[in-house]
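Working notes, structure below.
Sequential numbering from 1 along the given sequence is applied to the chain's residues. Worth saying up front: this structure is predicted, and the values here are computed from it rather than measured.
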Amino acid sequence: MDCYCCYTQARPSSSTIPILNFQTLRWWLFQSHSDIMRDLTSSETPLFTVNRNFSVKNLHPRVLPSPGSCRQFGRLSDQFRPFIYQRNSELPSSRTYRGRISSEAGRQGWDFGRFLKTFYFFNGPPSPAKVRNEDKARRMLGPDVDMIVGDITKASTLVREYFKGVRKVINAVSVIVGPKEGDTPDRAKYSQGIKFFEPEIKGASPEMVEYIGMKNLINAVKESVGIHRGKLVFGFEENLTRELAWGALDDVVMGGVSESSFVIDPTGGEKGGPTGVFRGVVSTANNGGFTSIRTKNFPVPEDLSAYDGLELRLKGDGRRYKLIVRTSRDWDTVGYTLSFDTIEGQWQSIQLPFSSLRPVFRARTVSDAPPFDARQIASLQLMFSKFEYDGKLNPTFKEGPFQLPVSSIKTFMKEPVTPRFVHVSSAGVTRPERPGLDLSKQPPAVRLNKELGFILTFKLKGEDLIRESGIPHTIVRPCALTEEPAGADLIFDQGDNITGKISREEIARICIAALESPYACDKTFEVKSVIPFSEPYTVDPANPPPEKDYNQYFKSLKDGITGKESLEKSPAAV
(Lines give C-alpha, C1' and ligand atoms only; values in the text may rest on other atoms or scores of the structure.)
Protein backbone atom coordinates (compact mmCIF):
# COMPACT_ATOMS: atom_id res chain seq x y z
CA MET A 1 0.00 0.00 0.00
CA ASP A 2 1.51 3.30 -1.07
CA CYS A 3 1.76 6.37 1.11
CA TYR A 4 2.28 9.97 0.11
CA CYS A 5 4.07 12.27 2.49
CA CYS A 6 4.21 16.00 2.04
CA TYR A 7 7.17 17.46 3.83
CA THR A 8 8.27 21.05 3.88
CA GLN A 9 11.41 22.78 2.75
CA ALA A 10 12.15 26.14 4.18
CA ARG A 11 13.85 27.82 1.24
CA PRO A 12 11.43 30.10 -0.62
CA SER A 13 12.95 29.85 -4.08
CA SER A 14 14.30 26.32 -4.48
CA SER A 15 12.64 22.93 -4.50
CA THR A 16 13.95 19.46 -4.03
CA ILE A 17 11.98 16.76 -5.79
CA PRO A 18 12.61 13.42 -4.10
CA ILE A 19 10.71 10.20 -4.61
CA LEU A 20 11.67 7.85 -1.85
CA ASN A 21 11.55 4.32 -0.56
CA PHE A 22 11.31 4.00 3.20
CA GLN A 23 15.06 3.81 3.78
CA THR A 24 15.39 7.14 2.03
CA LEU A 25 12.30 8.44 3.82
CA ARG A 26 13.96 7.93 7.17
CA TRP A 27 16.75 10.23 6.14
CA TRP A 28 14.46 12.90 4.72
CA LEU A 29 12.29 12.93 7.84
CA PHE A 30 14.92 12.57 10.52
CA GLN A 31 18.16 14.13 9.31
CA SER A 32 18.81 16.75 11.98
CA HIS A 33 20.13 20.26 11.19
CA SER A 34 19.15 20.08 7.51
CA ASP A 35 16.93 22.31 5.43
CA ILE A 36 14.62 19.40 4.75
CA MET A 37 12.93 19.37 8.15
CA ARG A 38 14.17 22.76 9.30
CA ASP A 39 10.70 24.17 9.41
CA LEU A 40 7.26 22.63 9.23
CA THR A 41 5.89 26.08 8.42
CA SER A 42 7.24 26.56 4.91
CA SER A 43 5.43 26.20 1.62
CA GLU A 44 7.47 24.05 -0.75
CA THR A 45 6.01 20.61 -0.33
CA PRO A 46 7.23 17.60 -2.27
CA LEU A 47 5.28 14.42 -1.84
CA PHE A 48 6.87 11.04 -1.94
CA THR A 49 5.84 7.41 -1.92
CA VAL A 50 6.94 4.80 0.58
CA ASN A 51 6.12 1.17 1.07
CA ARG A 52 3.98 0.28 4.05
CA ASN A 53 6.39 -2.32 5.41
CA PHE A 54 8.10 -0.26 8.05
CA SER A 55 8.21 0.06 11.79
CA VAL A 56 8.41 3.15 13.92
CA LYS A 57 10.91 1.22 16.02
CA ASN A 58 13.69 1.46 13.47
CA LEU A 59 13.44 5.14 12.59
CA HIS A 60 16.99 6.34 12.53
CA PRO A 61 19.03 8.42 10.08
CA ARG A 62 20.69 6.68 7.16
CA VAL A 63 23.76 7.93 5.36
CA LEU A 64 22.62 9.40 2.03
CA PRO A 65 23.69 12.35 -0.11
CA SER A 66 24.15 15.51 1.89
CA PRO A 67 21.37 18.01 2.51
CA GLY A 68 23.24 20.54 0.46
CA SER A 69 23.17 18.34 -2.62
CA CYS A 70 19.42 18.02 -2.30
CA ARG A 71 18.99 21.72 -2.91
CA GLN A 72 20.64 21.46 -6.30
CA PHE A 73 17.64 20.03 -8.11
CA GLY A 74 16.82 23.44 -9.53
CA ARG A 75 14.61 26.41 -8.90
CA LEU A 76 10.89 26.84 -9.26
CA SER A 77 8.65 29.82 -8.60
CA ASP A 78 7.53 30.32 -4.99
CA GLN A 79 4.07 28.99 -5.70
CA PHE A 80 5.09 25.67 -7.20
CA ARG A 81 4.77 22.64 -4.95
CA PRO A 82 6.31 19.41 -6.24
CA PHE A 83 4.22 16.25 -6.17
CA ILE A 84 5.88 12.87 -6.63
CA TYR A 85 4.24 9.57 -7.24
CA GLN A 86 5.19 6.02 -8.06
CA ARG A 87 3.15 4.38 -10.79
CA ASN A 88 1.45 1.12 -10.07
CA SER A 89 2.74 -1.80 -12.08
CA GLU A 90 0.56 -3.08 -14.88
CA LEU A 91 -2.00 -5.55 -13.66
CA PRO A 92 -2.71 -8.84 -15.36
CA SER A 93 -5.93 -8.71 -17.31
CA SER A 94 -8.79 -10.89 -16.18
CA ARG A 95 -8.96 -14.26 -17.82
CA THR A 96 -11.74 -14.47 -20.39
CA TYR A 97 -13.66 -17.67 -21.03
CA ARG A 98 -15.34 -18.06 -24.37
CA GLY A 99 -17.58 -20.81 -25.63
CA ARG A 100 -20.78 -21.58 -27.50
CA ILE A 101 -23.92 -20.73 -25.56
CA SER A 102 -26.21 -23.76 -25.64
CA SER A 103 -29.13 -25.32 -23.83
CA GLU A 104 -30.86 -28.63 -23.80
CA ALA A 105 -34.19 -28.63 -25.64
CA GLY A 106 -37.24 -28.82 -23.43
CA ARG A 107 -40.97 -28.45 -23.48
CA GLN A 108 -40.99 -24.64 -23.66
CA GLY A 109 -39.67 -22.58 -26.53
CA TRP A 110 -36.53 -20.50 -26.11
CA ASP A 111 -37.09 -16.75 -26.65
CA PHE A 112 -34.16 -16.07 -28.97
CA GLY A 113 -35.29 -12.46 -29.46
CA ARG A 114 -35.03 -11.79 -25.73
CA PHE A 115 -31.59 -13.37 -25.76
CA LEU A 116 -30.47 -10.89 -28.46
CA LYS A 117 -31.90 -7.96 -26.50
CA THR A 118 -29.94 -9.11 -23.45
CA PHE A 119 -26.73 -9.44 -25.43
CA TYR A 120 -27.02 -6.04 -27.09
CA PHE A 121 -27.90 -4.28 -23.83
CA PHE A 122 -24.57 -5.21 -22.28
CA ASN A 123 -22.35 -5.29 -25.35
CA GLY A 124 -23.86 -2.89 -27.85
CA PRO A 125 -23.82 -3.57 -31.61
CA PRO A 126 -20.73 -5.26 -33.09
CA SER A 127 -18.16 -2.91 -33.67
CA PRO A 128 1.89 12.10 -17.66
CA ALA A 129 2.59 15.51 -16.66
CA LYS A 130 5.22 18.20 -16.96
CA VAL A 131 8.53 17.19 -15.35
CA ARG A 132 11.32 19.46 -14.12
CA ASN A 133 14.92 18.57 -13.21
CA GLU A 134 14.28 14.86 -13.67
CA ASP A 135 17.87 14.11 -14.70
CA LYS A 136 19.25 15.43 -11.44
CA ALA A 137 16.61 13.57 -9.46
CA ARG A 138 17.42 10.30 -11.22
CA ARG A 139 21.13 10.62 -10.55
CA MET A 140 20.33 10.68 -6.85
CA LEU A 141 17.30 8.42 -6.61
CA GLY A 142 17.62 5.96 -9.50
CA PRO A 143 15.33 5.10 -12.41
CA ASP A 144 12.37 3.50 -10.62
CA VAL A 145 10.47 6.67 -9.85
CA ASP A 146 8.27 9.18 -11.66
CA MET A 147 8.28 12.86 -10.84
CA ILE A 148 5.36 15.24 -11.09
CA VAL A 149 5.44 18.97 -10.43
CA GLY A 150 2.22 20.54 -9.24
CA ASP A 151 0.96 23.62 -7.45
CA ILE A 152 -1.44 23.12 -4.57
CA THR A 153 -2.88 26.58 -5.17
CA LYS A 154 -3.90 25.52 -8.70
CA ALA A 155 -6.33 22.62 -8.81
CA SER A 156 -5.68 21.98 -12.49
CA THR A 157 -2.14 20.81 -11.70
CA LEU A 158 -3.28 18.16 -9.22
CA VAL A 159 -4.51 15.52 -11.63
CA ARG A 160 -6.21 12.70 -9.73
CA GLU A 161 -4.47 10.13 -11.85
CA TYR A 162 -1.21 11.07 -10.11
CA PHE A 163 -2.65 9.86 -6.81
CA LYS A 164 -3.96 6.46 -7.91
CA GLY A 165 -2.74 3.81 -5.51
CA VAL A 166 -2.04 6.33 -2.75
CA ARG A 167 -3.74 5.16 0.41
CA LYS A 168 -2.18 7.32 3.11
CA VAL A 169 -1.06 10.94 3.16
CA ILE A 170 1.10 12.93 5.57
CA ASN A 171 0.68 16.62 4.84
CA ALA A 172 2.88 19.37 6.27
CA VAL A 173 2.03 22.08 3.76
CA SER A 174 2.26 25.63 5.06
CA VAL A 175 3.25 29.11 4.02
CA ILE A 176 6.79 30.45 4.36
CA VAL A 177 7.51 32.94 7.13
CA GLY A 178 10.85 34.75 6.99
CA PRO A 179 12.62 37.95 8.07
CA LYS A 180 11.54 41.08 6.19
CA GLU A 181 15.15 42.19 5.79
CA GLY A 182 16.29 38.78 4.55
CA ASP A 183 18.44 36.15 6.20
CA THR A 184 22.00 34.91 6.28
CA PRO A 185 23.07 32.14 3.86
CA ASP A 186 22.81 29.58 6.67
CA ARG A 187 19.41 31.01 7.72
CA ALA A 188 20.60 31.92 11.20
CA LYS A 189 17.77 34.42 11.79
CA TYR A 190 15.14 31.95 10.80
CA SER A 191 16.57 29.32 13.14
CA GLN A 192 16.27 31.73 16.06
CA GLY A 193 12.50 32.00 15.73
CA ILE A 194 10.23 34.84 14.75
CA LYS A 195 10.34 36.59 18.12
CA PHE A 196 13.87 37.69 17.23
CA PHE A 197 13.04 39.31 13.89
CA GLU A 198 10.23 41.13 12.12
CA PRO A 199 8.51 38.45 10.03
CA GLU A 200 6.58 38.49 6.78
CA ILE A 201 4.95 35.94 4.49
CA LYS A 202 7.21 34.84 1.64
CA GLY A 203 5.45 33.71 -1.51
CA ALA A 204 1.80 32.64 -1.67
CA SER A 205 -0.62 33.95 0.96
CA PRO A 206 -2.00 31.92 3.88
CA GLU A 207 -5.41 31.94 2.24
CA MET A 208 -4.02 30.44 -0.98
CA VAL A 209 -1.84 27.82 0.70
CA GLU A 210 -3.61 26.93 3.94
CA TYR A 211 -7.20 27.10 2.69
CA ILE A 212 -7.45 27.03 -1.11
CA GLY A 213 -4.43 24.72 -1.30
CA MET A 214 -5.93 22.37 1.29
CA LYS A 215 -9.21 22.28 -0.62
CA ASN A 216 -7.35 21.39 -3.84
CA LEU A 217 -5.25 18.71 -2.14
CA ILE A 218 -8.26 17.06 -0.48
CA ASN A 219 -10.14 16.97 -3.79
CA ALA A 220 -7.11 15.39 -5.46
CA VAL A 221 -6.55 12.59 -2.91
CA LYS A 222 -10.06 11.95 -1.62
CA GLU A 223 -10.87 9.32 -4.23
CA SER A 224 -7.73 7.34 -3.43
CA VAL A 225 -7.69 7.49 0.37
CA GLY A 226 -11.45 7.05 0.77
CA ILE A 227 -14.03 8.44 3.16
CA HIS A 228 -15.18 6.88 6.41
CA ARG A 229 -18.86 6.64 5.54
CA GLY A 230 -18.09 4.89 2.24
CA LYS A 231 -18.71 5.71 -1.41
CA LEU A 232 -22.19 5.34 -2.87
CA VAL A 233 -21.95 3.04 -5.91
CA PHE A 234 -25.68 2.74 -6.50
CA GLY A 235 -28.87 3.87 -4.83
CA PHE A 236 -30.44 6.46 -2.62
CA GLU A 237 -28.91 7.63 0.64
CA GLU A 238 -30.03 10.80 2.44
CA ASN A 239 -29.48 13.56 -0.13
CA LEU A 240 -27.29 11.43 -2.41
CA THR A 241 -28.51 9.56 -5.47
CA ARG A 242 -26.59 7.44 -7.95
CA GLU A 243 -28.41 5.38 -10.54
CA LEU A 244 -26.91 2.72 -12.80
CA ALA A 245 -28.08 1.14 -16.04
CA TRP A 246 -29.26 -2.31 -14.96
CA GLY A 247 -30.43 -4.94 -17.45
CA ALA A 248 -31.85 -8.44 -17.08
CA LEU A 249 -29.42 -11.31 -17.60
CA ASP A 250 -31.53 -14.44 -17.10
CA ASP A 251 -31.31 -18.10 -18.05
CA VAL A 252 -32.62 -17.13 -21.48
CA VAL A 253 -28.93 -16.99 -22.43
CA MET A 254 -28.85 -20.78 -22.05
CA GLY A 255 -32.33 -21.54 -23.32
CA GLY A 256 -34.32 -21.07 -20.10
CA VAL A 257 -37.51 -19.09 -19.58
CA SER A 258 -36.94 -17.31 -16.24
CA GLU A 259 -37.44 -13.58 -16.40
CA SER A 260 -36.50 -10.61 -14.21
CA SER A 261 -36.33 -6.84 -14.24
CA PHE A 262 -35.03 -3.94 -12.19
CA VAL A 263 -37.25 -0.95 -11.49
CA ILE A 264 -37.18 2.13 -9.26
CA ASP A 265 -40.02 2.27 -6.75
CA PRO A 266 -40.31 5.98 -5.78
CA THR A 267 -41.90 5.27 -2.38
CA GLY A 268 -40.79 1.74 -1.57
CA GLY A 269 -37.71 2.64 0.45
CA GLU A 270 -37.13 2.09 4.13
CA LYS A 271 -38.29 5.59 5.04
CA GLY A 272 -40.78 6.07 2.23
CA GLY A 273 -38.24 7.28 -0.28
CA PRO A 274 -37.09 5.63 -3.53
CA THR A 275 -35.47 2.23 -3.79
CA GLY A 276 -34.42 -0.12 -6.55
CA VAL A 277 -36.31 -3.41 -6.84
CA PHE A 278 -34.92 -6.64 -8.32
CA ARG A 279 -37.95 -8.77 -9.15
CA GLY A 280 -39.08 -11.52 -11.47
CA VAL A 281 -40.20 -15.12 -11.90
CA VAL A 282 -37.73 -17.98 -11.83
CA SER A 283 -38.31 -21.37 -13.51
CA THR A 284 -36.30 -24.54 -13.96
CA ALA A 285 -37.91 -25.29 -17.33
CA ASN A 286 -35.46 -26.05 -20.15
CA ASN A 287 -32.79 -26.81 -17.54
CA GLY A 288 -32.81 -23.16 -16.47
CA GLY A 289 -33.11 -21.89 -12.94
CA PHE A 290 -31.62 -18.42 -12.51
CA THR A 291 -32.42 -14.76 -12.93
CA SER A 292 -30.13 -11.79 -12.54
CA ILE A 293 -29.65 -8.12 -13.21
CA ARG A 294 -26.33 -6.74 -14.35
CA THR A 295 -25.11 -3.21 -14.92
CA LYS A 296 -23.70 -2.08 -18.19
CA ASN A 297 -19.93 -1.75 -18.04
CA PHE A 298 -19.00 1.47 -16.25
CA PRO A 299 -17.67 4.10 -18.70
CA VAL A 300 -14.51 4.20 -16.56
CA PRO A 301 -13.64 1.29 -14.23
CA GLU A 302 -14.47 2.04 -10.61
CA ASP A 303 -11.44 2.19 -8.33
CA LEU A 304 -12.73 1.04 -4.94
CA SER A 305 -9.38 -0.10 -3.61
CA ALA A 306 -9.52 2.43 -0.76
CA TYR A 307 -12.24 0.28 0.79
CA ASP A 308 -12.65 -3.23 2.16
CA GLY A 309 -15.86 -4.32 0.48
CA LEU A 310 -19.41 -3.52 -0.58
CA GLU A 311 -22.40 -3.01 1.73
CA LEU A 312 -25.95 -3.65 0.49
CA ARG A 313 -28.95 -2.07 2.17
CA LEU A 314 -31.97 -4.20 1.26
CA LYS A 315 -35.25 -5.67 2.42
CA GLY A 316 -34.91 -9.42 2.57
CA ASP A 317 -37.31 -12.17 1.57
CA GLY A 318 -35.58 -15.10 3.26
CA ARG A 319 -33.77 -16.21 0.09
CA ARG A 320 -30.08 -16.53 -0.69
CA TYR A 321 -28.73 -14.25 -3.44
CA LYS A 322 -25.36 -13.63 -5.05
CA LEU A 323 -23.40 -10.49 -5.72
CA ILE A 324 -21.07 -10.78 -8.72
CA VAL A 325 -18.34 -8.19 -9.35
CA ARG A 326 -16.49 -8.18 -12.67
CA THR A 327 -13.11 -6.65 -13.36
CA SER A 328 -13.16 -7.42 -17.09
CA ARG A 329 -15.24 -5.61 -19.68
CA ASP A 330 -15.65 -8.82 -21.70
CA TRP A 331 -19.11 -10.35 -22.06
CA ASP A 332 -18.53 -13.88 -20.79
CA THR A 333 -15.81 -13.91 -18.18
CA VAL A 334 -14.94 -14.64 -14.55
CA GLY A 335 -17.15 -13.00 -11.96
CA TYR A 336 -15.91 -12.52 -8.40
CA THR A 337 -18.84 -13.81 -6.41
CA LEU A 338 -20.23 -14.05 -2.89
CA SER A 339 -23.56 -15.44 -1.71
CA PHE A 340 -25.56 -13.80 1.06
CA ASP A 341 -28.67 -14.70 3.02
CA THR A 342 -31.56 -12.37 3.73
CA ILE A 343 -34.14 -12.14 6.49
CA GLU A 344 -37.75 -12.13 5.34
CA GLY A 345 -39.55 -8.82 5.69
CA GLN A 346 -36.61 -7.01 7.32
CA TRP A 347 -34.40 -4.16 6.11
CA GLN A 348 -30.79 -5.10 6.72
CA SER A 349 -27.23 -4.05 5.86
CA ILE A 350 -25.09 -6.84 4.46
CA GLN A 351 -21.33 -6.35 4.19
CA LEU A 352 -19.52 -8.38 1.54
CA PRO A 353 -15.72 -8.14 1.94
CA PHE A 354 -13.61 -8.05 -1.19
CA SER A 355 -11.33 -10.59 0.50
CA SER A 356 -14.19 -13.14 0.53
CA LEU A 357 -15.05 -12.94 -3.18
CA ARG A 358 -14.38 -16.13 -5.10
CA PRO A 359 -13.65 -16.28 -8.84
CA VAL A 360 -16.50 -18.14 -10.53
CA PHE A 361 -17.28 -18.94 -14.14
CA ARG A 362 -20.67 -20.51 -14.91
CA ALA A 363 -21.10 -21.66 -11.30
CA ARG A 364 -17.62 -23.24 -11.21
CA THR A 365 -14.77 -21.94 -9.10
CA VAL A 366 -11.79 -20.91 -11.25
CA SER A 367 -8.69 -21.87 -9.31
CA ASP A 368 -6.19 -20.10 -11.57
CA ALA A 369 -8.08 -16.81 -11.97
CA PRO A 370 -6.19 -13.57 -11.31
CA PRO A 371 -6.61 -12.09 -7.83
CA PHE A 372 -9.53 -9.73 -7.45
CA ASP A 373 -8.49 -6.16 -8.29
CA ALA A 374 -10.67 -3.52 -6.64
CA ARG A 375 -9.08 -0.85 -8.83
CA GLN A 376 -10.67 -2.21 -11.99
CA ILE A 377 -14.35 -2.83 -11.24
CA ALA A 378 -16.20 -2.93 -14.55
CA SER A 379 -19.74 -4.04 -13.61
CA LEU A 380 -22.00 -5.42 -10.86
CA GLN A 381 -24.58 -8.19 -10.93
CA LEU A 382 -27.24 -9.48 -8.52
CA MET A 383 -28.48 -13.05 -9.02
CA PHE A 384 -31.10 -15.42 -7.66
CA SER A 385 -30.20 -18.95 -8.72
CA LYS A 386 -30.92 -22.60 -8.13
CA PHE A 387 -27.17 -23.14 -8.18
CA GLU A 388 -24.47 -22.24 -5.71
CA TYR A 389 -20.94 -23.24 -6.76
CA ASP A 390 -19.29 -26.42 -7.97
CA GLY A 391 -22.46 -28.53 -8.12
CA LYS A 392 -24.01 -27.37 -4.84
CA LEU A 393 -27.58 -26.12 -4.78
CA ASN A 394 -29.07 -23.04 -3.17
CA PRO A 395 -30.94 -24.33 -0.09
CA THR A 396 -33.43 -21.41 -0.21
CA PHE A 397 -34.31 -21.78 -3.89
CA LYS A 398 -37.91 -22.16 -4.99
CA GLU A 399 -39.58 -21.49 -8.30
CA GLY A 400 -42.02 -18.65 -8.80
CA PRO A 401 -42.09 -14.91 -8.23
CA PHE A 402 -39.63 -13.06 -6.02
CA GLN A 403 -38.87 -9.44 -5.10
CA LEU A 404 -35.75 -7.89 -3.50
CA PRO A 405 -35.77 -4.12 -2.76
CA VAL A 406 -32.20 -2.74 -2.79
CA SER A 407 -31.95 0.87 -1.64
CA SER A 408 -28.16 1.23 -1.90
CA ILE A 409 -24.85 -0.42 -2.69
CA LYS A 410 -21.90 1.38 -1.13
CA THR A 411 -18.37 0.69 0.00
CA PHE A 412 -17.26 0.23 3.58
CA MET A 413 -14.04 0.40 5.57
CA LYS A 414 -13.33 -2.45 7.95
CA GLU A 415 -13.22 -1.50 11.61
CA PRO A 416 -11.10 -0.39 13.32
CA VAL A 417 -10.34 2.35 10.78
CA THR A 418 -6.92 3.99 10.88
CA PRO A 419 -6.15 7.52 9.65
CA ARG A 420 -5.69 8.02 5.91
CA PHE A 421 -4.71 11.72 6.08
CA VAL A 422 -2.33 13.04 8.75
CA HIS A 423 -1.98 16.82 8.74
CA VAL A 424 0.61 18.92 10.58
CA SER A 425 -1.10 22.15 11.63
CA SER A 426 -0.09 24.43 14.50
CA ALA A 427 -0.92 25.02 18.12
CA GLY A 428 -2.67 28.36 18.54
CA VAL A 429 -4.96 28.22 15.53
CA THR A 430 -8.09 28.99 17.59
CA ARG A 431 -6.54 31.65 19.84
CA PRO A 432 -6.30 34.93 17.87
CA GLU A 433 -10.03 35.67 18.26
CA ARG A 434 -10.61 33.83 21.52
CA PRO A 435 -12.60 35.98 23.96
CA GLY A 436 -10.71 37.09 27.07
CA LEU A 437 -7.31 35.77 25.97
CA ASP A 438 -4.26 37.82 27.00
CA LEU A 439 -2.40 37.99 23.69
CA SER A 440 0.73 39.41 25.34
CA LYS A 441 1.32 36.00 26.90
CA GLN A 442 0.83 34.11 23.64
CA PRO A 443 3.45 32.98 21.10
CA PRO A 444 4.39 35.42 18.31
CA ALA A 445 2.30 33.70 15.67
CA VAL A 446 -0.84 34.29 17.75
CA ARG A 447 0.01 37.95 18.41
CA LEU A 448 0.92 38.59 14.76
CA ASN A 449 -1.89 36.59 13.16
CA LYS A 450 -3.35 39.62 11.34
CA GLU A 451 0.04 40.98 10.28
CA LEU A 452 0.92 37.58 8.80
CA GLY A 453 -2.16 37.45 6.57
CA PHE A 454 -4.34 35.71 9.19
CA ILE A 455 -2.02 32.71 9.04
CA LEU A 456 -3.56 30.86 12.01
CA THR A 457 -7.12 31.71 10.97
CA PHE A 458 -6.59 30.11 7.57
CA LYS A 459 -4.80 27.14 9.13
CA LEU A 460 -7.95 26.54 11.17
CA LYS A 461 -10.14 26.86 8.06
CA GLY A 462 -7.89 24.29 6.37
CA GLU A 463 -8.31 21.95 9.34
CA ASP A 464 -12.07 22.31 9.07
CA LEU A 465 -11.93 21.21 5.44
CA ILE A 466 -10.22 17.98 6.54
CA ARG A 467 -12.75 17.33 9.28
CA GLU A 468 -15.65 18.01 6.92
CA SER A 469 -14.23 15.84 4.12
CA GLY A 470 -15.10 12.53 5.77
CA ILE A 471 -11.54 11.26 5.25
CA PRO A 472 -10.26 9.32 8.29
CA HIS A 473 -7.68 11.78 9.59
CA THR A 474 -5.41 12.98 12.36
CA ILE A 475 -4.58 16.66 12.89
CA VAL A 476 -1.35 17.23 14.81
CA ARG A 477 -0.78 20.70 16.27
CA PRO A 478 2.84 21.05 17.35
CA CYS A 479 4.00 23.82 19.62
CA ALA A 480 7.19 25.69 18.61
CA LEU A 481 9.37 23.43 16.47
CA THR A 482 13.04 22.86 17.30
CA GLU A 483 16.07 21.13 15.81
CA GLU A 484 16.55 19.07 18.98
CA PRO A 485 16.50 15.28 18.72
CA ALA A 486 13.45 13.19 19.49
CA GLY A 487 13.23 11.33 22.76
CA ALA A 488 12.01 13.75 25.44
CA ASP A 489 8.83 12.92 27.33
CA LEU A 490 5.75 14.40 25.71
CA ILE A 491 2.53 16.13 26.69
CA PHE A 492 -0.51 15.57 24.46
CA ASP A 493 -3.39 17.98 25.04
CA GLN A 494 -6.65 19.03 23.41
CA GLY A 495 -8.52 22.32 23.33
CA ASP A 496 -5.61 24.44 22.01
CA ASN A 497 -4.27 25.82 25.29
CA ILE A 498 -0.65 24.72 25.70
CA THR A 499 2.62 26.44 24.74
CA GLY A 500 6.12 25.03 24.63
CA LYS A 501 8.47 23.35 22.19
CA ILE A 502 8.68 20.06 20.32
CA SER A 503 11.32 18.41 18.16
CA ARG A 504 10.66 18.24 14.41
CA GLU A 505 12.01 14.72 14.48
CA GLU A 506 9.46 13.81 17.14
CA ILE A 507 6.63 15.24 15.03
CA ALA A 508 7.74 13.12 12.08
CA ARG A 509 7.63 10.00 14.26
CA ILE A 510 4.20 10.93 15.62
CA CYS A 511 2.83 11.37 12.10
CA ILE A 512 4.04 7.95 10.97
CA ALA A 513 2.74 6.27 14.11
CA ALA A 514 -0.67 7.94 13.68
CA LEU A 515 -1.13 6.32 10.26
CA GLU A 516 -1.32 2.90 11.91
CA SER A 517 -3.29 3.74 15.05
CA PRO A 518 -7.10 3.53 15.27
CA TYR A 519 -6.84 5.57 18.48
CA ALA A 520 -5.56 8.54 16.46
CA CYS A 521 -8.39 8.40 13.92
CA ASP A 522 -10.42 11.62 13.59
CA LYS A 523 -8.59 13.23 16.50
CA THR A 524 -7.15 16.75 16.78
CA PHE A 525 -4.49 17.40 19.42
CA GLU A 526 -1.60 19.63 20.49
CA VAL A 527 1.78 18.27 21.53
CA LYS A 528 4.91 19.55 23.26
CA SER A 529 7.84 18.10 25.16
CA VAL A 530 8.24 18.40 28.93
CA ILE A 531 11.54 20.24 28.48
CA PRO A 532 11.19 24.04 28.99
CA PHE A 533 12.51 26.52 26.42
CA SER A 534 15.33 27.51 28.74
CA GLU A 535 16.81 24.00 28.73
CA PRO A 536 18.35 22.45 25.60
CA TYR A 537 17.62 18.78 25.08
CA THR A 538 20.36 16.42 23.98
CA VAL A 539 20.71 12.67 23.63
CA ASP A 540 23.68 10.57 24.64
CA PRO A 541 24.26 8.16 21.69
CA ALA A 542 25.60 5.58 24.13
CA ASN A 543 22.45 5.77 26.23
CA PRO A 544 19.53 6.69 23.94
CA PRO A 545 16.03 7.26 25.37
CA PRO A 546 13.62 4.31 25.30
CA GLU A 547 11.36 3.92 22.29
CA LYS A 548 7.94 5.45 22.70
CA ASP A 549 4.66 3.63 22.32
CA TYR A 550 2.70 6.49 20.74
CA ASN A 551 -0.51 4.49 21.08
CA GLN A 552 -0.41 5.20 24.80
CA TYR A 553 -0.63 8.91 23.99
CA PHE A 554 -3.27 8.43 21.28
CA LYS A 555 -5.46 6.43 23.67
CA SER A 556 -5.87 9.48 25.89
CA LEU A 557 -7.43 11.56 23.08
CA LYS A 558 -11.16 12.27 22.87
CA ASP A 559 -13.44 12.82 19.89
CA GLY A 560 -14.73 16.22 18.88
CA ILE A 561 -12.33 18.47 20.84
CA THR A 562 -10.70 21.11 18.61
CA GLY A 563 -10.53 24.29 20.69
CA LYS A 564 -13.22 25.86 18.51
CA GLU A 565 -15.66 25.38 21.34
CA SER A 566 -14.53 28.72 22.83
CA LEU A 567 -15.13 30.50 19.51
CA GLU A 568 -18.74 29.47 19.01
CA LYS A 569 -20.07 32.77 20.33
CA SER A 570 -17.34 34.85 18.76
CA PRO A 571 -16.24 33.49 15.36
CA ALA A 572 -13.11 34.90 13.78
CA ALA A 573 -13.84 37.36 10.97
CA VAL A 574 -11.62 37.43 7.90
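The pair Arg504-Glu484 does not meet the salt-bridge criterion, since no charged nitrogen lies less than 4.0 angstrom from a carboxylate oxygen. Taking the charged nitrogens against the carboxylate oxygens, Asp464 and Lys461 have no contact shorter than 4.0 Å, which rules out a salt bridge. A salt bridge is absent between Lys459 and Glu463: the closest approach of a Lys/Arg side-chain nitrogen to an acidic carboxylate oxygen does not fall below 4.0 angstrom.
Scored by the side-chain contact (heavy atoms from CB on, under 4.5 Å) test, Glu451 finds Leu448 as partners (sequence neighbours excluded).
Side-chain N/O atoms of Thr524 and Arg467 include a donor and acceptor closer than 3.5 Å. A donor and an acceptor atom, one from each side chain of Thr418 and Glu516, are nowhere located under 3.5 Å apart. Side-chain atoms of Ser349 and Arg313 include a donor-acceptor pair closer than 3.5 Å. Side-chain polar atoms of Glu311 and Thr411 form no donor-acceptor pair below 3.5 angstrom.
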*Step by step, work out the salt bridge (Lys or Arg N to Asp or Glu O under 4.0 Å) result for Lys202 and Glu200.*
CA-CA 6 Å; Lys202 305 286 187 178; Glu200 68 176 358; 2.8 Å; yes

Name every donor-acceptor pair, under 3.5 Å, that has one atom in a side chain of residues 227-240 and the other anywhere in the protein, sequence neighbours excluded.
from, atom 1, to, atom 2, distance (Å)
Lys231, NZ, Glu223, OE2, 2.6
Lys231, NZ, Glu302, OE1, 2.9
Glu237, OE2, Lys410, NZ, 2.9

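The aromatic rings of Phe454 and Phe458 lie perpendicular to each other, with more than 60° between the two planes, well past the 30° mark. The aromatic rings of Phe554 and Phe492 stand perpendicular to each other, their planes meeting at an angle above 60°, with 30° marking the opposite boundary.
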